[in-house]
Q: 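Got a structure for you, questions after.
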There are 2 protein chains.
Amino acid sequence: MGLIKPSYVCMLTLAMDIVGGKWKMVILWQLRNGVARFRELKRLLNGITQKMLTQQLRELEEAGLITRTVYPVVPPKVEYRLAEEGTKLIPALDALCQWSTNYASSHGIVESSCCATHMVEK
Amino acid sequence: MGLIKPSYVCMLTLAMDIVGGKWKMVILWQLRNGVARFRELKRLLNGITQKMLTQQLRELEEAGLITRTVYPVVPPKVEYRLAEEGTKLIPALDALCQWSTNYASSHGIVESSCCATHMVEK
DNA sequence: CCTTATTGTATCATTTTAGATACTACGTAT
DNA sequence: ATACGTAGTATCTAAAATGATACAATAAGG
């Protein structure tokens, strides 16, 4: 979301600076049970553009939440997975997810096909 | 953050639509142990403008996370407090807060005076 | 030589979010 | 009469986030 500052009055603000925005939490969530390649993530993150995905992944890497493994082959192969710090965040995301699932069900909001990781398509 | 849609693929996205953005979570956090008036909130939310605070509070109210109580006196007196749905979110915010506190301490980020609610000033 | 597959970059436009500033209403105290 | 305090609105501007589109690199397969 924003650049990370040297000091914070409220730690929630720091959390938002690290994983706020439209995509970061969803990316981490998709990585929660394993590794994924760029293309695979793009498919899972319905509608994200290449530029955004690259950008978000770089920022998450920079913050130390994910790792990026490049295999020197062609065509390119790059794997993304949670780093230590990223893994530690999963319980919080899970709590958030449960809250909003409950919220949705009592507000007539529909959960369409949910975040199934590693869906096999076609 | 954004308008709430009728359906979501990932519930984290819903959470972000409800409490994303720069201020919403912090407002809820400040309300976690009780009531606060408009002016009081403005003081606690270092640097928020009146317009933003009003706007964020209205959106939180609309989403059913807080309640707004107007006393018909002059000068005006309005109290804000967590509603049921807002209270249910606190554990998730707490998890997030703990994560980022830990993150901060291992990344040389400083927590300056933290989110003390209801500070008595002067 | 041309196409395909994968992971990108670069440039520009649009949308969303946030901020600055000025103004309103009204009872009470001075 | 005037200023004060609280909780706002209204208007305009600036900054940040997101999106669309086109292009690059390179080995393998035909």
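All heavy atoms count here, side chains included; hydrogens, waters and symmetry mates do not. Keep in mind that what you see is a predicted model, and the values were worked out from it rather than measured. Lettering of chains follows the sequences in order, A, B, ..., and the numbering in each one begins at 1.
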Q: Nearest whole Å is fine: how far is C:dG8 C1' from A:Arg39 CZ?
A: 10 Å

Q: Kindly write out the residues that satisfy side-chain contact (heavy atoms from CB on, under 4.5 Å) with A:Asn46, not counting sequence neighbours, or none if the list is empty.
A: none

Q: Hey, can you pull the residues of residues 57-80 of chain A with a non-hydrogen atom under 4.0 angstrom from DNA chain D?
A: A:Val74

Q: Does the side chain of A:Arg58 reach to within under 4.5 Å of the side chain of A:Gln55, using non-hydrogen atoms?
A: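 The answer is no; the side chains never approach within 4.5 Å.
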
Q: Please report the distance, rounded to the nearest Å, between CD in A:Glu40 and P in C:dG8.
A: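 Whole-Å distance recorded here is 14 Å.
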
Q: For a side chain to side chain contact (heavy atoms under 4.5 Å, CB included) check, start with the C-alpha distance between B:Leu44 and B:Val26, then their side-chain angles and the critical distance, and finish with the verdict.
A: CA-CA 10 Å; B:Leu44 292 167; B:Val26 187; over 6 Å; no

Q: Mind running a 4.0 Å heavy-atom check of residues 46-56 of chain B against DNA chain D and sending the residues that fall below it, in number order?
A: B:Gln50, B:Lys51, B:Thr54

Q: Side-chain N or O of B:Arg37 versus OP1/OP2 of D:dT6: is the shortest distance under 4.0 Å?
A: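 For B:Arg37, the contact criterion (side-chain N or O under 4.0 Å from OP1 or OP2 of D:dT6) is not met.
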
Q: Once you round it to whole Å, what is the distance between C1' of D:dA15 and NZ of B:Lys22?
A: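 Roughly 10 Å, once rounded to whole Å.
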
Q: Could you check B:Gln98 against B:Asn102 for side-chain hydrogen bond (donor to acceptor under 3.5 Å, both in side chains), going step by step and ending with a plain yes or no?
A: CA-CA 6 Å; B:Gln98 283 186 30; B:Asn102 174 79; over 6 Å; no

Q: How many Å lie between CG on B:Leu45 and P on C:dG19, as a whole number?
A: 11 Å

Q: Tell me the closest heavy-atom pair linking B:Ala104 and A:Met11, and the distance in Å.
A: CB-SD, 4.0 Å

Q: After noting the C-alpha distance and the side-chain angles of B:His107 and A:Glu85, does the key distance pass the side chain to side chain contact (heavy atoms under 4.5 Å, CB included) rule?
A: CA-CA 11 Å; B:His107 286 75; A:Glu85 290 289 8; 3.4 Å; yes

Q: Whole Å only: how far is the CG atom of B:Leu41 from the C1' atom of D:dA7?
A: 12 Å

Q: Do you know which two heavy atoms are closest between B:Met25 and B:Val19, and how far apart they sit?
A: CG-O, 3.4 Å

Q: Treat each ILVMFWY residue as a node, draw an edge where side-chain heavy atoms are under 4.5 Å apart, and state whether A:Val70 and A:Phe38 are in one component.
A: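 Yes, one cluster joins them.
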
